[in-house]
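Keep in mind it's a predicted model, so treat the numbers as computed, not measured.
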Amino acid sequence: MSGTSEGPAPAAELDRRVVTESEIITSAGAEPPVVRALAPSPPSYRSVFTAAPLAMAVVDREGLVTGANAALAGLLGRDQDTLTGAVAADLVDLTSDTRAWHAYREMLRGRRARLRCTRRLKHPEGHALWVRVTVAPLPADDGGVLLSVADISDHRELQERLRHVRMHDPVTRLPNRALFFERLTEALEAESYEESGTGRIGLCYLDLDGFKAVNDTLGHRVGDQLLTAVAERLTQCAKDAARTGTPLVARLGGDEFALLVEDSTGTEQLADLAESLLDAIQAPFDLSGRRLSVSASIGVVERHAAGTTPTALMQAADTTLYWAKADGKARWTFFDPERNAHRVTRQALASTLRPAIDRGEFALEYQPLVGMEDDRVHGVEALVRWHHPRFGTLTPNRFIPLAEEDGSIVPLGRWVLRTACRQARAWQVEHPDGPPIFVSVNVAVRQVWDSDLVADVADILRETGLAPELLQLELTESAVMGSSGRPIQTLKALSDMGVRIAIDDFGTGYSNLAYLSRLPVSVLKLDGSFVRGFQIEDRTAKASPADEVIVEAMVQLAHRLGLTVTAECVETSAQATRLRRIGCDTGQGWLYSRPVSPDRISELLGTPGVQAGVGNP
């Protein structure tokens with residue numbers, strides 16, 4: 001063997017030599033030489049890199065391309081020679097995406113194992129190119145990373161077609177509910193409005209009036225044609241009304257549509273848009289020779305985008321649309337925070353009303369019923385108050401309608417009746433020498449229908465020891481007049497028991513005095529609107545005597561029928577004087593006392609007569 005050795009192969013010679021003939025190795029012994037066939041060597045990495053159909057490039061730690069194959073050059077529409085030395089991140093647009101750019105730099109520093117992202121590139125020929133970029137580290141000896149780029153344009157196009165089908169309504173071809181909420185969510189993200197735009201957002205939530213009747217009478221095919229025609233008009237309105245951008249028109253389902261106005265310029269813009277939508281919808285539709293006319297109701301919301309969520313915006317729009325429907329349809333209505341606050345309060349009260357009865361949050365106050373002739377307290381009306389832990393003390397007009405709607409008026413009314421009767425009996429025991437006073441309790445019609453009122457009254461009178469004649473039940477005129485069947489039977493049974501029946505707010509409903517002769521009624525309470533007409537104390541003033549004539553006629557007829565009359569809302573001594581002259585039996589109002597606690601009534605019962613305002617705080 002020679003003492004010299006060959007130097008290393010040139011750098012360009014990366015392939016190992018391939019032996020095509022048998023190599024003879026002679027051993028030092030007497031044995032014949034052994035012939036061994038050498039297996040072909042695998043191709044070099046450089047050969048694979050060059051011939052691979054996958055677009056690839058080797059990138060050094062500085063982010064520069066040190067080698068790129070022909071597949072990458074063809075994909076990017078570049079000359080292969082120009083790729084070497086180019087900035088790899090620029091070739092595949094990694095710098096425009098903050099997250100991808102950060103991950104890529106971490107890879108170059110050896111702090112991340114792999115990066116994969118999707119980028120949209122612009123080909124030199126002008127068309128868009130969607131690629132999936134993968135960056136993987138090379139062995140430590142080689143240094144740098146391997147960048148591979150796959151063309152996914154066809155796949156992406158298929159995805160877009162499928163997404164379009166998934167995100168659009170098949171009937172109207174408008175964006176559907178899913179796409180609408182996607183756009184709405186994006187519009188309310190801070191980065192969408194902080195850097196540019198007005199920072200405001202608007203929404204018109206539209207519902208066709210009577211669309212169900214079209215489907216039911218003309219069929220769903222005509223209904224779909226109508227929806228399509230409506231969608232076309234809404235789209236045209238959106239284009240015509242565009243200022244800073246065309247509003248997104250979407251079908252949310254059924255006959256509900258929405259127009260989303262990003263970067264709205266204020267309520268005036270939304271009002272103009274809503275008005276144009278109404279006009280467009282109200283114009284007759286010609287559908288296959290059939291002429292149809294419909295209208296729409298629109299809820300309009302416009303506000304700052306900051307602090308608003310998609311859910312809150314849609315709740316406001318839905319509430320406002322309901323207002324437009326309730327106000328008569330064929331109109332648009334703006335969201336009113338005060339009106340909404342009242343609605344929210346109403347819902348909150350309705351949800352907590354029944355538990356509040358068990359928690360003892362209700363209390364009774366009493367307003368005296370004073371004799372016109374002797375100024376003595378003849379009775380009191382029990383008025384319920386709700387001491388709500390959140391909203392404070394609430395008067396009956398805030399919660400009684402809710403109680404009547406959900407049926408909780410039955411247990412609440414039973415509690416009021418029992419508490420009032422127990423208190424009336426307590427006053428009777430406290431003042432045994434004076435004439436006992438009666439207690440008047442309001443009764444809702446639903447109490448008559450949904451409970452055994454006669455049995456409840458009998459049980460409570462027996463439990464409290466109060467005489468039946470010291471209990472008066474008040475029902476409104478509209479609830480009693482014209483009633484038949486069970487309500488009348490109940491009233492007669494109560495009257496036969498000895499309980500007095502009073503008609504409250506008389507004169508505002510049917511005012512059928514003849515019908516009163518067939519009812520077991522003993523008291524009429526004149527509505528305060530008549531009494532307020534007596535407030536003019538100067539008889540020389542030009543005041544119409546109609547109120548006094550009407551009241552006097554009702555009092556005389558009531559007396560002819562054997563009924564007593566109570567005037568409500570007596571506030572001045574002049575009113576009391578005129579009512580006394582007319583013949584009213586008792587009066588109730590702030591002249592005598594506001595509704596007060598039971599202790600204050602006890603004080604009044606200890607006085608011979610009620611002076612004006614003596615019961616007022």
Side-chain angles (χ1 to χ4, degrees), residues 353-369 377-387 394-429 436-476 479-480 483 486-505 520-523 525 566 588 595-598 601:
L353 209 159
R354 284 181 181 270
I357 301 174
D358 299 330
R359 291 195 297 263
E361 295 178 5
F362 291 94
L364 293 184
E365 292 183 347
Y366 300 89
Q367 189 170 29
L369 299 166
V377 177
H378 289 202
V380 293
E381 180 180 356
L383 300 168
V384 64
R385 303 288 187 262
W386 185 359
H387 298 305
L394 305 177
T395 54
N397 63 306
R398 294 288 302 277
F399 58 86
I400 290 299
L402 299 176
E404 292 178 344
E405 288 178 9
D406 68 3
S408 58
I409 190 65
V410 173
L412 177 60
R414 191 178 291 122
W415 177 86
V416 171
L417 185 63
R418 177 177 288 105
T419 305
C421 289
R422 186 181 295 117
Q423 183 59 62
R425 176 58 180 162
W427 284 323
Q428 188 178 5
V429 173
I437 65 170
F438 67 88
V439 63
S440 188
V441 178
N442 291 277
V443 175
V445 175
R446 189 158 185 176
Q447 290 177 258
V448 179
W449 284 104
D450 293 0
S451 67
D452 191 343
L453 184 60
V454 176
D456 287 345
V457 170
D459 291 343
I460 291 172
L461 290 177
R462 183 170 53 255
E463 173 190 327
T464 60
L466 185 68
E469 60 270 17
L470 296 181
L471 174 62
Q472 175 174 290
L473 299 180
E474 297 186 20
L475 290 90
T476 61
V480 176
S483 299
R486 183 173 179 178
I488 299 302
Q489 296 171 2
T490 299
L491 295 181
K492 288 182 177 179
L494 291 169
S495 180
D496 292 342
M497 190 187 301
V499 175
R500 302 199 300 180
I501 306 298
I503 304 300
D504 194 16
D505 298 331
V521 175
S522 54
V523 180
K525 297 187 72 175
T566 298
Q588 177 182 0
V596 293
S597 65
I601 296 296

(message) Working to the nearest 0.5 angstrom, can you tell me the gap between Asp456 CG and Arg414 CZ?
(response) 4.5 Å
(request) To the nearest 0.5 Å, tell me how far Thr395 OG1 sits from Arg385 CZ. (result) 6.5 Å
(request) Might you point out which heavy atoms bring Leu412 and Ala403 nearest each other, and give the distance in Å? (result) CD2-CB, 4.5 Å
(message) Run the side chain to side chain contact (heavy atoms under 4.5 Å, CB included) test on Leu369 and Ile437 for me, step by step, so that the C-alpha distance in whole Å, both residues' side-chain angles and the decisive distance to 0.1 Å come before the verdict.
(response) CA-CA 9 Å; Leu369 299 166; Ile437 65 170; over 6 Å; no
(message) For Val439 versus Ala420, what's the shortest heavy-atom pair and its separation?
(response) CG2-CB, 3.8 Å
(request) Locate the shortest heavy-atom distance separating Pro468 from Met497; write the atom from each residue and the value. (result) CB-O, 3.4 Å
(message) Using 0.5 Å steps for rounding, measure from the CZ atom of Arg422 to the CG atom of Leu466.
(response) 11.5 Å
(message) Has Ser522 got a side-chain atom pairing as donor or acceptor with Ile501's backbone, closer than 3.5 angstrom?
(response) yes
(request) Check side chain to side chain donor-acceptor pair (under 3.5 Å) between Thr566 and all other residues, then give those that pass, not counting sequence neighbours. (result) Thr586
(request) Please name all residues satisfying ring pair (Phe, Tyr, Trp, His ring centres under 6.0 Å) with Phe399, sequence neighbours left out, ordered by chain then number. (result) Phe362, Trp386
(message) Tell me the closest heavy-atom pair linking Tyr366 and Pro598, and the distance in Å.
(response) CE1-CG, 3.6 Å
(message) Please give me the minimum heavy-atom distance between Gln472 and Phe438, naming the atom from each residue.
(response) OE1-CE1, 3.6 Å
(request) State, yes or no, whether a side-chain contact exists between Leu494 and Pro520 at a heavy-atom distance under 4.5 Å. (result) no
(request) Enter the distance from Thr419:OG1 to Leu364:CG here, rounded to the nearest 0.5 Å. (result) 5.5 Å
(message) Nearest 0.5 angstrom please: Leu470 CG to Arg500 CZ, how far?
(response) 8.5 Å
(message) Side chains of Ile460 and Leu471, heavy atoms from C-beta outward: is any pair under 4.5 Å?
(response) no
(message) So Leu417 and Leu473, do their side chains get closer than 4.5 Å, heavy atoms only?
(response) yes
(request) Test side chain to side chain contact (heavy atoms under 4.5 Å, CB included) on Asn442 and Ile400 and set out the steps. (result) CA-CA 11 Å; Asn442 291 277; Ile400 290 299; over 6 Å; no
(message) With no hydrogens and no angle check, just 3.5 Å: does a side-chain donor-acceptor pair link Ser440 and Glu381?
(response) no
(message) Within this structure, what is the CG-CD distance for the pair Asp505 and Glu474, rounded to the nearest 0.5 Å?
(response) 8.5 Å
(request) Over all heavy atoms of both residues, which pair between Pro595 and Leu383 is shortest? Give the atoms and the distance, please. (result) CG-CD1, 3.5 Å
(request) Hey, could you give me each pair passing salt bridge (Lys or Arg N to Asp or Glu O under 4.0 Å) that has a residue in residues 394-411? Not counting sequence neighbours. (result) Arg346-Glu405
